[in-house]
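The structure appears below as structure tokens.
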Amino acid sequence: DRQYKKKYAKLSSVTFHKWVSRVKVLNEMRKAHVGIICWRNIDLYRHGISANKLPDYLSSGLPVIIGYGYEHVIGT
């Protein structure tokens, strides 16, 4: 963690936040209306991938929208 802070702390586009408990993250997710996962069509995923956010979204009771090969639906 320190190595990243040392390397990137001066960038205005980077913010480091304190540790947040999993319970707090799940409580915040419950305020959302939907979980979104967007895969890009790149060679990195040729052997398969696993969405680490999918179990979080589902345990929060969120419906999940999954897109493949598209730009992020929220925008970049």
Side-chain angles (χ1 to χ4, degrees):
D1 185 43
R2 289 187 206 152
Q3 68 181 355
Y4 296 113
K5 286 182 181 178
K6 185 176 179 180
K7 187 172 182 178
Y8 300 111
K10 294 181 183 179
L11 297 175
S12 62
S13 60
V14 175
T15 303
F16 290 93
H17 297 277
K18 293 182 181 180
W19 179 84
V20 177
S21 74
R22 185 159 190 80
V23 171
K24 186 171 182 178
V25 170
L26 292 175
N27 286 336
E28 288 300 312
M29 284 183 165
R30 287 185 181 105
K31 296 177 185 178
H33 298 282
V34 66
I36 299 174
I37 300 172
C38 295
W39 306 117
R40 292 177 52 202
N41 187 12
I42 59 176
D43 197 44
L44 174 67
Y45 302 142
R46 70 187 177 278
H47 299 295
I49 48 179
S50 174
N52 63 339
K53 287 288 134 205
L54 185 57
D56 293 338
Y57 291 159
L58 295 174
S59 66
S60 297
L62 292 174
V64 181
I65 296 172
I66 299 177
Y68 175 78
Y70 303 98
E71 291 296 320
H72 195 286
V73 295
I74 302 262
T76 55

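For clarity, every value in this text was computed on a predicted model and none was experimentally measured. Values below: every heavy atom of this structure, side chains too, minus hydrogens, waters and symmetry copies.
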Criterion side-chain contact (heavy atoms from CB on, under 4.5 Å) on Asn27 and Arg30, from CA distance to verdict: CA-CA 5 Å; Asn27 286 336; Arg30 287 185 181 105; 2.8 Å; yes

Residues Val64, Leu54; criterion side-chain contact (heavy atoms from CB on, under 4.5 Å); working and verdict: CA-CA 8 Å; Val64 181; Leu54 185 57; 4.0 Å; yes

Same cluster (ILVMFWY, side-chain, under 4.5 Å), Val20 and Met29: yes

For the hydrophobic clusters of this structure (ILVMFWY residues joined by side-chain heavy atoms under 4.5 Å, transitively), does one cluster hold both Tyr4 and Leu11? yes

Mind checking the NZ-CD spacing from Lys24 to Glu28? Nearest 0.5 Å is all I need. 6.5 Å

Over all atoms of both residues, closest heavy-atom pair of Leu62 and Val34: CD2-N, 3.9 Å

Ile36 and Tyr57: which non-hydrogen atoms are nearest, and at how many Å? O-OH, 3.4 Å

Could you pull out the closest heavy-atom pair between Ser59 and Leu26, with the gap in Å? OG-CD2, 3.7 Å

